[in-house]
2 protein chains.
Amino acid sequence: MTMSNAGARRKAPTIHDVAREAGVSRGTVSRVLNGGHYVSPAAREAVDAAIKSTGYVVNRHARSLITGRSDSVGFLLTEPQERFFEDPNFNVLLRGCTQALAAYDIPLLLMLAGTQDERRRITRYITAGHVDGVLLVSSHSGDPVAEELRAAGVPLVACGKPIGHASKVSYVAADDRDGARDMVRYLHQSGRRRIATVTGPLDTPGGVDRLAGYREVLAELGIAPDDRLIEHGDYSRAGGEAAAERLLAAAPDLDAVFVASDLMAQGVLSALHRAGRRVPEDVAIGGFDDSPAALASSPELTTIRQPWDRIATEMVRVLLAQIGGEDPAAVILPTELIERRST
Amino acid sequence: MTMSNAGARRKAPTIHDVAREAGVSRGTVSRVLNGGHYVSPAAREAVDAAIKSTGYVVNRHARSLITGRSDSVGFLLTEPQERFFEDPNFNVLLRGCTQALAAYDIPLLLMLAGTQDERRRITRYITAGHVDGVLLVSSHSGDPVAEELRAAGVPLVACGKPIGHASKVSYVAADDRDGARDMVRYLHQSGRRRIATVTGPLDTPGGVDRLAGYREVLAELGIAPDDRLIEHGDYSRAGGEAAAERLLAAAPDLDAVFVASDLMAQGVLSALHRAGRRVPEDVAIGGFDDSPAALASSPELTTIRQPWDRIATEMVRVLLAQIGGEDPAAVILPTELIERRST
DNA sequence: CATGTCTCTGTGAGCGTTCACAGTAGAGAA
DNA sequence: TTCTCTACTGTGAACGCTCACAGAGACATG
């Protein structure tokens, strides 16, 4: 039984204890801990053994104190939180980032900055150097926190293209425009001719780009633009429902709707159902996001999948690169059309 | 313009700078920072002014190094993560905990321990003292991580009653049994006489207690137990669907089903629909959780709401108390019946 | 043999804070 | 006056680590 002092919780072993146990100096132990350069094989072995036998774990506070790094990053949500926390995509993103960071042994600090007060507190916390970088989630433009952090020189990667920021800030985003193009083209190919759309909020890049994709394809197909076929939503179920009602009133002959989010598509589905339109027989519905909502709907939604896991991985990669001194970068990832029963 | 050195990111002011600026010693500044006892009003004022003028923010690493505390807590998820991250209740919980902690200026570290490797890494991290306490989310019993942390003396609060742990571990949970009782009593009061149930997994406290509540009420009503009316699910949509099919086969005369989760209730709804039973006319459905799934179903589900926001608040309160030296505690919170269209 | 280069090792200093302790000044009591 | 007590203040010494530096061999080069 090598229980030694397990469960004692008396005093954690320090680098000094390891050094003594291994018969080397603190410096050598430290070198082993940090990559092991300029360490003889014998010394490294002795240190590794000593680490194991003492159960040594590096004290991050001591390390951070001297290095100035914290070896942690923040996941910052500056939205009114309800919206995002309700969004299943958000969870995939959060999980993906946590996992990607875990691979580097970097803990993720979850920060919510819904109110003005919280924003101030968190900005202070971040600029004080308590995290090495920030993964920023905030769909709306003109986020003051982003600008403040950028100005303070904090490494920063946004999820989605931050609009309104002329300045250089890294971001990772799905190709919204291309996804929208795919969906509209697909609806047209399956024989639909009066294709309407429910957009997202137009102060979000996703809202803008998905609408742009819709318009582009119609133009390329030589279909004249028709404003009656365009209604705006707010990414919520209720918003989708209301928009669908307006569409039905303005353009009762529509035979397809490209909806800029699955959640809104659920609302559209309800409205159509109430209006007595069958899906997909009378009206085809194309969603966006491939959220669980797409599967929970009946019929299940044909939709555009955003590669949230890859987005998470890329955000972490870009952030770590930036922490390592590289320049900001933008990454655009392709989407995928998922065919289900609503078209 | 009092820009002073804003945006410089050169060198953060230390307690020393503040002391010099205020014309006092480090010790006095430190005392102001930590409650301000034994500090003259004049000194305190000078220090406060100096803090403001220098933009000083305490260096948590230095503080943690000497105090041994980290002033942060972990939010640990030991489940296979998909299940939980899909669960909207989880999000409310996570958000609630983050916010409750923010009120104490304590950051939350999100930790996912899905695989064996991750579990080891994270246990190491935690027992090394890098967090002061852990909020544990893990529905299944016999969680080795929980036991390890408890043994290591790490303050710990579980979400939901940990079964299989004879040992003293704090937890906060909704009153599952009472919620189930409410629902079954309600179904009976609305005239249903053949009330079936789809249970959760019986290795979860929720599964066990909700079933117990169901049985109790029937017994109290003098209704003889009938095993054909009880089927087991796994909290998944598909599981609910399968269970409902078995129920319909074994007890075709059922006129109500108490389903131990909304997600399963969705599956039950599908199965009933396929079998040509109308809800609520032929069969009443009672769910549990009041998750968004309850609203996404048609008809919308009558269900039992768990007070997730209060659960979060209480978990944080109990954890902080425990970090402060208090003994473990169990908190049971009342549920609420939400009446909708499925009954 | 002197010199340089390369790998490896130990040592002292210091990161920014808190804590224990010693010390000061003023008030009140003897 | 002198002593004690209280309220306040300053000072070293940690905390556990990394980093810069110096130095020791080993080996090659001139």
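Computed from a predicted model, the values in this text were never measured in an experiment.
The line from CZ of R60(A) to OG of S70(A) is 9.0 Å long, rounded to the nearest 0.5 Å.
For H37(B) and dT18(C), the NE2 to P distance is 14 Å, given to the nearest whole Å. Remark: C1' of dT18(C) and CG of L33(B) are 11 Å apart, rounded to the nearest angstrom. The distance from atom NE2 of H61(A) to atom P of dT17(C) is 15 Å, rounded to the nearest whole Å. Going from atom OH of Y38(A) over to atom C1' of dT5(C) covers 11 Å, rounded to whole Å. Whole-Å rounding puts the R31(A) CZ to dG16(D) P distance at 21 Å. I15(A) places its CD1 atom 15 Å from the C1' atom of dG14(C), with the value rounded to the nearest Å. Atom C1' of nucleotide dG10(C) and atom CZ of R20(A) are separated by 16 Å, given to the nearest angstrom. For D71(A) and dC15(C), the CG to P distance is 20 Å, given to the nearest whole Å.
With respect to the salt-bridge test (charged N to carboxylate O, under 4.0 angstrom), the residues R150(B) and E147(B) qualify. Salt-bridge annotation for R317(B) and E314(B): present, with a side-chain N of the basic residue lying under 4.0 Å from a carboxylate O of the acidic one.
Taking the side chain as every heavy atom from C-beta outward, S170(B) and L156(B) never approach each other to under 4.5 Å. Two residues are said to be in side-chain contact when any heavy atoms from C-beta on lie closer than 4.5 Å; L76(B) and V137(B) fail this criterion. In this structure, H130(A) and V57(B) have side chains that are in contact, with non-hydrogen atoms separated by less than 4.5 Å. Counting only heavy atoms from C-beta outward, the side chains of V331(B) and V157(B) never approach each other to under 4.5 Å. Residues C159(B) and V172(B) form no side-chain contact, since every pair of their non-hydrogen atoms from C-beta on lies 4.5 Å or further apart.
For the helix from dC1(C)-dG30(D) to dA30(C)-dT1(D), the end axes, each set by the C1' atoms of five terminal pairs, are bent relative to each other by 60° (nearest 10°).
For the side-chain contact (heavy atoms from CB on, under 4.5 Å) with M111(B), the qualifying choice from V134(B), V131(B), L77(B) is V131(B), the only one to do so.
Minimum interatomic distance between S53(B) and E21(B) (heavy atoms only, all atoms of both residues): OG-OE2, 3.3 Å. Closest approach of C97(B) to F75(B), counting heavy atoms only: SG-CE1, 3.8 Å.
Nucleic acid contact for R60(B): none, since no nucleic acid atom lies under 4.0 Å from a heavy atom of the residue.
With dT18(D), dC8(C), dC19(C) as the candidates, the nucleotide lying closest to the side chain of R63(A) is dT18(D). Nearest nucleotide to the T14(B) side chain, out of dT18(C), dG10(C), dG16(C): dG16(C). Side-chain atoms of Y56(B) lie closest to dT17(C) of the nucleotides dG14(C), dG10(D), dT17(C). For I66(B), taking side-chain heavy atoms from C-beta onward, the closest of the listed nucleotides dT9(C), dG14(C), dT17(C) is dT17(C).
Of the side-chain N and O atoms in N59(A), none sit less than 4.0 angstrom from OP1 or OP2 of dC15(D).
The stretch residues 23-30 of chain A comes close to DNA chain C through V24(A), S25(A), R26(A), G27(A), T28(A), each having a heavy atom under 4.0 Å from the strand. If you check residues 39-51 of chain A against DNA chain D, you find no residue with a heavy atom closer than 4.0 Å.
Checked by atom type, the side-chain pair T54(A)/D17(A) shows no donor-acceptor distance below 3.5 Å.
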